[in-house]
Every structure is written in C-alpha cells, then in structure tokens.
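Working notes, beginning with the structure itself.
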Number of protein chains: 4
Amino acid sequence: MKRFSPYTDLAIEIAENIMTEATEIEGVEVGHEECDLSGTTVTNVRITDEKGAEAMGKPIGSYITLESEHIKENDIDAHEKIISILSKYIKYLCPDKERPTVLVIGLGNRDVTPDSLGPKVVGKILVTRHIKNTVPEDINNAVSSVAAFAPGVMGITGIETLEIVKGVTERVKPDIVIAIDALAARKVSRINATIQLSNTGVAPGAGIGNKRKTINEQTLGAPVIAIGVPTVVDAATMANDAIDRMLETMKNGASKGSQFYNMLSELADEEKYGLIKEVLEPYSENMFVTPKEVDAVMENLVNIISNSINIAVHPGITQEDINRYKF
Amino acid sequence: MKRFSPYTDLAIEIAENIMTEATEIEGVEVGHEECDLSGTTVTNVRITDEKGAEAMGKPIGSYITLESEHIKENDIDAHEKIISILSKYIKYLCPDKERPTVLVIGLGNRDVTPDSLGPKVVGKILVTRHIKNTVPEDINNAVSSVAAFAPGVMGITGIETLEIVKGVTERVKPDIVIAIDALAARKVSRINATIQLSNTGVAPGAGIGNKRKTINEQTLGAPVIAIGVPTVVDAATMANDAIDRMLETMKNGASKGSQFYNMLSELADEEKYGLIKEVLEPYSENMFVTPKEVDAVMENLVNIISNSINIAVHPGITQEDINRYKF
Amino acid sequence: MKRFSPYTDLAIEIAENIMTEATEIEGVEVGHEECDLSGTTVTNVRITDEKGAEAMGKPIGSYITLESEHIKENDIDAHEKIISILSKYIKYLCPDKERPTVLVIGLGNRDVTPDSLGPKVVGKILVTRHIKNTVPEDINNAVSSVAAFAPGVMGITGIETLEIVKGVTERVKPDIVIAIDALAARKVSRINATIQLSNTGVAPGAGIGNKRKTINEQTLGAPVIAIGVPTVVDAATMANDAIDRMLETMKNGASKGSQFYNMLSELADEEKYGLIKEVLEPYSENMFVTPKEVDAVMENLVNIISNSINIAVHPGITQEDINRYKF
Amino acid sequence: MKRFSPYTDLAIEIAENIMTEATEIEGVEVGHEECDLSGTTVTNVRITDEKGAEAMGKPIGSYITLESEHIKENDIDAHEKIISILSKYIKYLCPDKERPTVLVIGLGNRDVTPDSLGPKVVGKILVTRHIKNTVPEDINNAVSSVAAFAPGVMGITGIETLEIVKGVTERVKPDIVIAIDALAARKVSRINATIQLSNTGVAPGAGIGNKRKTINEQTLGAPVIAIGVPTVVDAATMANDAIDRMLETMKNGASKGSQFYNMLSELADEEKYGLIKEVLEPYSENMFVTPKEVDAVMENLVNIISNSINIAVHPGITQEDINRYKF
C-alpha cells in the first residue's frame, strides 16, 4: 500500500521518518557534528548503496544538513560561525584543486520572495572569470575562476531549466557546479532554520512549483553541489501534519484497550488517506506557509550562503575580507 | 464556556459560523445582491442593535462583503465590473455631499507583501487637496478635496497608529476617512477573493501582527469607512480548521448511533480545544498561509480598490477616465 | 582629424548629425511615416551598402525609429496605438513564417532601473515553448513557440553575455531572436521618447556600462531583431552638448564679420575638443542623466514593448486580448 | 543685479562660492577637523549673526559637513569610522539630556531611488517609544524613547509635509526632531560623498521636486537637527557649470589683453545668464544626474546614517552592538 507521504526535499526529514520505525537503515550512515555555536548541529547522512537509496528514495551520495535557529536571528556573530562551518563543508564537497573553475547557478523565481534565494545569492558571488588573468599576479593567485548565473524558471522562460544550465555549462566548462535552490520542508519549524548540502544534484522548482528535470553530474557533465534551504511548507502538507498529530494525540489520550483507542488504531492508513484528502481539498497546491518576516530572513540566508561560497572557492578570501568588504 | 474560535476579521464568516446553528440572529439583517458578473455576490450584513452586536462580536453598523473569484484572475473586463460595484457601495457609505473632503488612510507594512495593500493603494489615489482651488473651475468642480496617507506600523514607528492618524486627521479635517487594511480570513478560499466594506472602523494590524487601537468615528472624530481584504490565513487557524473538518468527516463516516460516532460527538468542546491547542503548539503566530502568486494578486487588488475610491469620491471621474489614464 | 563625437546608439541621431552637413548620404535611404497619433513619427533609415555603413558607422540593414512623446505619458489610448505601430514593424522584420520559433532576449541589469528594460520585458512575454503541442489544437494554432530569457550582465555573471545567449540559442534553435536593450541617447529630449528597431544586432551594455561583443546573425547563427530604447544620456555627453550649443548661440549672437564672431568660428575642432575634454574631466563615465519619474516610465515601456512582441509573434493574439488579459 | 546661481542645498558650497571672492565673511566662522580616516574631513560653518545669514542666504546656526570618498565604497571599516564621527556630531547638536525623547523624520519619496534616503533610514532606526517602560530596567536605562516616521511627499499625499510632521510632533512631544532628507548638490563630485548636519531646519523636497515649507524649531515647536546628503545634481545645474567652466577655460587660454579675452570678459553676467538660459531650455527640471550604482550607494548611506543616529540617541548602544545586531 502506498503510504501517504507529504512532500519534503530534506534527506534528514526522510531519515527521521523512517527511523521512527527502525534505528538503522541498511546502506545509510548517519553522523553528527556538534558545533561551536549553541543550538547548531550538522548531520551527515550518507547513502552508500542502492539499498539505502531505495529506502530513502534519494540517490547515493552525501547529504549534509546544518540546523541552527540563529539563521533567522539578526546575530552577526552567529552568522559568522555558520559561514565558517558551511564554507568548510562546501570545500569538502568541492574537487581537490587549488583554484577550480566554478559555476554558481541560482535556481528559482526572483519575483516570488521565498523562491528568490538562488537568484539573490548569484548577485553576491565574487565573480572573477571575466577578469581572470588580466589582474596583477598576487590577486590572480588569490582567486579561482568563478562565474554565476540565474537561469530563471520555466514558467517565465518557456525553456526547461536544465537546458539553459547545460547551454551555459558547456561554454564555461567548470570543474564544479554549485546550484542553490529554495526547498519545501515538511515541518514548519525547519523553515529558514536548515541548510542542506548534497553532491547528488537538484531538481529545480522542488520547493515552489513543479519539479523539473534533475541537474546532476549525469545530466550536466560536471559534478554538482546542491545547496538547498527550506523556505516554505506546502499548506496541504501542514494541514496533513496537523491531522496526523491530532489522531496521535487522541490515541494517546484514550485509555489503551478502550474501544475508542481501538477504533482510532484500526483506522487503516487507506481510510486515513481518504479522510485527509477530503479534508485537504480546499488547499490548492499554490498555497504555502511562510513566516511574516520572510524578506529579512532571506537577506540573512543570502549573506550566509554567498559568503560561504566566496570563502570556499577562492583560496585567498577569508572571513576577514567578508567582514571588511561587501561583495 | 469559551468557544475556541480561530481568528477572523470578516463579519460574513462570523455570520456563517453562527448561522449553521440558527437561521436568524436577532439584531442582524442579512441581504444578498446578485451581480452582473458570474461567480460574484455582494452580502450586506447589518447589525442593527446591541443584541446583534453581542451575537456577532462586532459593533453596530453595515458590513458589505463582495466575493468574487475574478479578483485573483488577470481578467481586466471583470475587474472593471468589480470596480463599478465597489465604487457604488463606497459612495453609499460616504456622507451625502457632492464634493466631500476625503482622507484615505493606507494601513499596514509596505515591506511585508500581504500587508502592503493599504500603503500601495495610497500611491494610486488621485490626490487633489494640495491643488484644490488653484486649477481651472471645470476641473475644480470635477474633483473633491482628497488627501491620502500611510501611517506605517507601530513596530517601525514606535507610535500607536491611531495617534498618527489622529494627528493628521485633526489637520486635514475630512468629512470622511477611508481606511484600507489587509485582513486575516479563516478560510483559505477567501484569500484575495473577498472585499469587506464597513462603517464601523478598523483595528490596524488585525490581519498580520497584533491588533492595535481601533480607528473609528468615536476615536477619530470623523466617520470612517473601512475597506478590508483578507490576504492571509494564520497558519494556526488553518491547522485548526483542518482538524475540525477531519473530526466532522470522521463523524459523518461513522454510522450514526455507533459507539465511534457517539464518542466523537461526546468530545466536549473543552477537550477538543485542549487537543487542538496541543497539536497547534509548533505553529507560531508569525506563520501564515499565502498564495504563491501573492505579488501579482496584490497588484490587482490595489488597482481595484484605488480606482473604486477614485470614482466614488470624485464626482467627475468615471470608469472611462480610469481606463484612459493611470493614476 | 578625428571628430569629437559624444556617444549615441541611435542611427537617427547619427543621420541627423551628418545631414546637417549634407542632404543626402550615399548608401543611406531615409523614409518617414506619419502616424495616426499626434506627435508620433516613424523614420526608416536603411543602410544599403558599405559606403552608407562607413558614413554612418553602423552595419548595413534597417533602422526603424519610432518617436513619440506619448510613451512617457500615462495615456493608455495612445499606448495602444503605439503598440499597434510597433508590432507591425516587428512583424515586418520577422521571417515570413506563420508560427516562427522565437527567442526573446532581455539584455541589461535588472537592478539598475534605467537598464532593467530588457529583463522586465522578458517577464511579460507570453511564453509557450514549454506547453506547445500539449494544449488543445485551436490554442496551439493561435500561438508560436516562444521562449524568453534574461542573460544578466557580465559584471554579475563573470561570463560574456554573447556566450550565454549562444549557449541558449543553440538549444532553442529559434527562427528569430528578438533582443531588447536600454540604450544611451545623445539628446536629453530623446530619453524614453524613442524606440529603435533594427535587424543588425546589438552590443549589450551600450547604454549603461561597457560595450560587449555584438549579438547578431553572424555571431549567433540566427537572425536578430534588436529593440532599443534610450533611457539615459551620459552626463559627459550632456555637458558636451550644452557647451556646443553655447558656442553656437554665442556665434549667432555676435554680428557676422565681427572679430568675436570670427574668433569663435576659427576655434578649430581640435581646440574645441581639448577645451571640452578639460571641462568634462570631473564627469565620470558612471554618471548619467535620467528623469525623476524613471520607474513609472519604465513600466510604460515594458508594457508597450512586451505587448508589441506578443502581438507580432503570436498569430492569434490581438490588441483585444492584450486589453483583456495581463500577461 | 541678480546673480544667476544654480541651486545648491549645501552651506559648504555657498561658502566656497563666496570665498573665491573674499577670504572672510562677516558673521561666518569656518572650522576644519582632520579625521582619523584618509580623505575624510569635517567642516563646521557657523553663521553667527544676521550679516552672515544674509551673505550666505541661510539662517543663523551650525552647518557641519562631513566629506568622504569612502561613503561610496564598500569598505565596512571606513564606514565604522564615519559612523563614529557622525554620531559624535549628532550628539553635539542634540539637547544635553541623558535619555531624550527623539522623533526621527524621514523626508522624501521612497519610490524615487535617490530621494528614498529618509524613508529608508526610518526603517533602520531602533524605535523604543512603544515599549519604553515595559521592558526590564537595565534595558530601559540603556535606551531613550525614540519614534520614527516617514510622512511621504505632497505629490502623493496631497498634504503639505510640514502639516503631517506637525500633527505627529504634537502627539509625540519630542525633545528633539531629527529630519533626514536627500539634497541637491551643485558639483557632481559631491554626490553621495557629503553629509551635512545642521540645527536650522530643512525644507522638504529641496533635492528632488519643489521646495516646501521649512521644518524648523519655529514652525514645529521642537528643535530640529537636519541631516542631508546630496544624492543628485540637477541636470540644468550641471549644464550651467559645464558652460561656466568652459568660458573660464577659454578666457584662461586667450592671451590676456587680446581682443578675444576682452570680449569674453566683457560678457556681462546679464548676457551670460540669457545665453545660459537659452542653452538650457531643453533640460527640464525633472532631469537629474545620478551615478549608475545609486541603489548600492543608498544602502551604504542608510546604514551609516541610521546607525549614527542609533548610537547618538541611545545611551547604551555602541558601535559593537551595531556590528553584532542588525536593527
């Protein structure tokens, strides 16, 4: 029987979901890193074989999830620490080359605030490809050849995003593509509090809109690091979760063995799915849940992600430069 | 017993809520107008005495609700018809004077898209107060003395909105104040599909943020027409509705008289409220549900409301002028 | 001797400049059309051979210039007439095919208001390439296959614009590319009052920023229609013109044959150029002249150009559809 | 004879202008401070009596001008130093009271980028008036009672700005009003490179648009500190300057005593004014000169001015807090 599963892009949510039933999944390794910042953790989910891939519904590869409440807050010190952690992991996923050629791709629709993360990050990347080898040698040695680019969304361009990205990648010939996209989470608490890195590619429009053809090493011909941040929860997903938690709470409240408890327990998944579907009808797919202060939080995210990339890809750029100059 | 009632600003939603239980409410008159536009209705809820006011939880006065799916659509013909209906009702609530002095107040935070309705409408009002009596006589006769003004929100100004509005009203001395605000609805289906007019004032920030001191004839010293549009549903309200509808659906599915049915029926309101509260915990008050295309829809709303006001208050401005010139 | 010539992108300004000296230029044909709209003219400059190309400093081809004061005004009727004229000329430059495959390219920097014309037009193009052949036959027959795309500017992307455009063009394989760009004019009076069409390509960044590699049939492999609007005058160009006109006025004021007159006349171009250069020193290349209401005027331009293209390229889209629906 | 004098809001430009003719002006004291930041100076022009006021065409009072090329640059260290200098001078002009009640007024039109300085600064002021006395005592002691407010422009509101500001001031009853406005400079080199403080009030719309009634202690009933930044040069002013400098250059080039030199010298001011006027005709008052990167520079200015105010008015807010938290 097909389990009703509300949509999520986050490997960590899938893992959590499955792990309520089993403590270990074959072909999946989960590691944790405590960070030097209160309330901030890094979880590394590695899918190592096909079994793990099937269990998770995600391709083989690394899924690194940074979780921190400080992303939403206007605490610049905390942001600095997050940048330092994030840039380290981006570097870890990058090819081992001192000055790689990098193409940063900002996915999403810049005119829909929670989907504008990618295009806005592009605007803050220190691009150098057009001046590389025309600047003094010491500067030239301090920077990689970096280009950045926002392909837009298919609803505006009429062109499959993968096609545009491929056209540009073929000309830039990067050692690594870094693609940034806004994602959908399942839990409201994750909104703008989680950054996911992976080396398995990204399907544009996963968060807001329809999923498009996946951008990954196979389709693009260059390795891809995907950086995703859940900026919304689909309204239907949220309603579903509310109902699920309600049923759970009712069951917990009923005395075990009572008829009411048994009846709730006996509600087969199938029936529950039908109920939920009926209830959710009015929530069209184009409704989503966002925080009131979404604009301010997006600015924080853009700053954190663009500067993490700037530090990770340019050998001569440090946190100090980031503090001193705005890119 | 206090009934758990998710928040709504719309008189029509309160009336619907109560009327599921009774077909008539004392002190409340409900009238309907069919409009010359498919899928568009006007409902006029008049609270005529204290009994009605108590039943509705709203002050005595007129609450006119225009509902139309066409607000969200990019159908300019339909928008014209809505403008024609709306301007008629604004005129109906205005004092009976050929060229009244009008002060339009745009409430809300212009930097939070679904709350920016009021400030944006201000930008499209044909203001004349500063040129009145300095223009040729025929033009002067065609227009009223109109001023427009966005007071901002208390979180940005540090000043209670009512104070600012009072300060300006005392200087402009209008015959009528028209206040525009974004509201919160209870049902997702009402978002950007409903326009409410009333002559009983408005509490700024009702939709998004905390309720502030009410702007009405008593507090301001001038009669107030409030124009409100629900642009969001609070995330907690939506979750509550999902749960309510689920319980209802479960009850409908259980055979009447069965034990399961009885148990669900016997869930006292009190218990239900407790359950819902527990379930809703994670949905902070600062999360809300909006449609993906919120920017485009806001533009439609601004156009409809500002032009309805322009036609209603200026004796010489017609639909034709609106079509020809942009204000 | 090299003549000091302040920069202009407009063929009509070059022609006017040369024609003050000669009434006819070999290899250049100039035609005029009076339009059914007051104060609106269309000038067709055709450079027919290499001699004309050399005299004009522009490649062989058609340069159609629509001039109208109504672009700046908020007169919707006038805009309709301009759309009707402009769409006719776009069609005239398009390949003779009922439903051509079209790629619209919006050049320029969307974050610099007077340079944002191209990217904003892209957002209002009725794109169909992604749904072509999946819609009912009558709709399918009413539309061409149209895609639209904003490549950004080299300062942000690090990639030569021509490269990006080529990468996308190779994948879309259009019958025609329509490229929109903001231009620099020489005369302040032309700002936002002139639309230039040509079939000879465009060098991105000509108006604001540095000129980049030309996008034309030769470099792209597909014919190119360029639509350009002067939205700024370079500050140095404006200062130069003020000085030129001042010298002219002084000469006109001096009695002919007087010593003062003779001296002014004898100011060789070389000397004048030196003087002007000295005077202009403080006006850096990054200063330009724009009208105060530049945002509102850009909106008019975006509406006029996007709708002219929509009507020109889709066989089933008419002015009436444009009035009824917003794209 | 009335001297043709292109418009400037800057006391320092007026003083420079007069001082080319005389080294001292009666009733005007000019002091300089070298700053601990390369290329940055502070000039303090004090008009001490009516004679000075007449000579300068400005009221009696202090005019402090900070000039620095670093405002335009993205150098965060330099911005910190400028904030430290500026906050010191704001404090110097503030009443001598530990926790004054402050009303910050952001003048200008937020929808015209170079005029949006004031409204944008308002959004970054740490307002406290609405929470004062409701927070823990140590926080309460660290902050003054601060409110902030953007009255809009008369073209949008239909209300004289002074009226709105008066209405709000009467209710807030501040010890000091700090009004921020964008100004017009005479020299292109001053654009976004100069910040002028004064205690003599401000006439809104001086920079862009028509001058309105002055906001000062006399009209408002509370002392006023005006903070102004020249963000534009009027196009006609710039053209005039180009011509003036050209005539000067021609005179310098002509051998003294030659007829050409004498003729140029003999061009009476009156004639010159006529000539200039004729030449300037096409440059309407609504054209102005701005730098290309105006949006980015405005962001720097907003950051510098809002934080200088935050530090100057709140006894417990320091540069360190500014670095740590975003307001």
Side-chain angles (χ1 to χ4, degrees), chain A residues 101-106 109-112 116 119-134 143-174 205 209-210 212-213 220 306 310 313-314 327, chain C residues 101-106 109-112 116 119-134 143-174 205 209-210 212-213 220 306 310 313-314 327:
Chain A
T101 297
V102 180
L103 176 59
V104 177
I105 301 285
N109 185 344
R110 76 178 71 232
D111 293 328
V112 172
S116 63
K120 280 182 184 150
V121 166
V122 162
K124 301 280 183 190
I125 294 296
L126 177 63
V127 295
T128 48
R129 185 174 177 271
H130 57 314
I131 50 167
K132 195 67 188 155
N133 302 325
T134 67
V143 296
S144 300
S145 172
V146 175
F149 175 70
V153 294
M154 199 176 73
I156 302 288
T157 62
I159 314 172
E160 181 76 49
T161 302
L162 175 60
E163 281 185 276
I164 299 182
V165 174
K166 254 174 124 160
V168 175
T169 303
E170 278 165 14
R171 301 201 153 258
V172 173
K173 295 186 182 47
N210 298 319
R212 312 299 332 154
K213 284 185 189 156
L220 212 57
S306 60
N310 285 331
V313 302
H314 292 300
F327 294 111
Chain C
T101 296
V102 180
L103 176 59
V104 177
I105 302 283
N109 185 344
R110 76 180 69 231
D111 294 326
V112 173
S116 64
K120 280 184 184 147
V121 165
V122 162
K124 300 281 181 190
I125 294 296
L126 178 63
V127 294
T128 49
R129 184 173 177 271
H130 56 315
I131 50 166
K132 194 70 186 156
N133 301 325
T134 67
V143 296
S144 300
S145 173
V146 175
F149 175 72
V153 293
M154 199 175 74
I156 301 289
T157 62
I159 315 172
E160 180 78 48
T161 302
L162 175 60
E163 281 184 276
I164 299 182
V165 174
K166 253 173 123 162
V168 176
T169 303
E170 276 165 15
R171 302 199 152 260
V172 173
K173 296 186 180 48
N210 297 319
R212 312 297 334 151
K213 285 187 190 156
L220 212 58
S306 60
N310 285 331
V313 301
H314 292 299
F327 295 111

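Residue numbers start from 1 in every chain, and the chains themselves are labelled A, B, ... in the order their sequence lines are given, proteins ahead of strands. Every value quoted in this text rests on a predicted model; they were computed, and no experiment measured them.
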Task: Part of Thr157(C) within contact of chain A (heavy atom distance under 4.5 Å) - done: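 Looking at Thr157(C), backbone and side chain both touch chain A.
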
Task: Region of Ile131(C) in contact with chain A, defined by heavy-atom distances below 4.5 Å - done: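 When you check distances to chain A, no heavy atom of Ile131(C) falls under 4.5 Å.
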
- [ ] Quick one: pull up CD in Glu170(C) and CD in Glu170(A) and give me the separation to the nearest 0.5 Å.
- [x]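 That separation rounds to 7.5 Å.
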
Open item on the list: Quick check for you: to the nearest 0.5 Å, what is the distance between Arg129(C) atom CZ and Glu160(A) atom CD?
Closed with: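 Nearest 0.5 Å value for the CZ-CD distance: 9.5 Å.
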
Task: chain C contact via Lys132(A) - which portion, at a heavy-atom distance below 4.5 Å - done: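 Contact with chain C is absent: no heavy atom of Lys132(A) under 4.5 Å.
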
Task: Residues that Lys120(A) engages under side-chain contact (heavy atoms from CB on, under 4.5 Å), provided they are two or more places apart - done: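 Lys120(A) satisfies side-chain contact (heavy atoms from CB on, under 4.5 Å) with Ser116(A), Val302(A) only.
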
Distance-only donor-acceptor hits, side chain of residues 146-156 of chain A, under 3.5 Å, sequence neighbours excluded:
none

Open item on the list: Could you report the tightest heavy-atom contact between Arg171(C) and Glu163(A), atom names first, then the distance?
Closed with: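 Where Arg171(C) meets Glu163(A) most closely, the heavy atoms are CD-O, 3.0 Å.
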
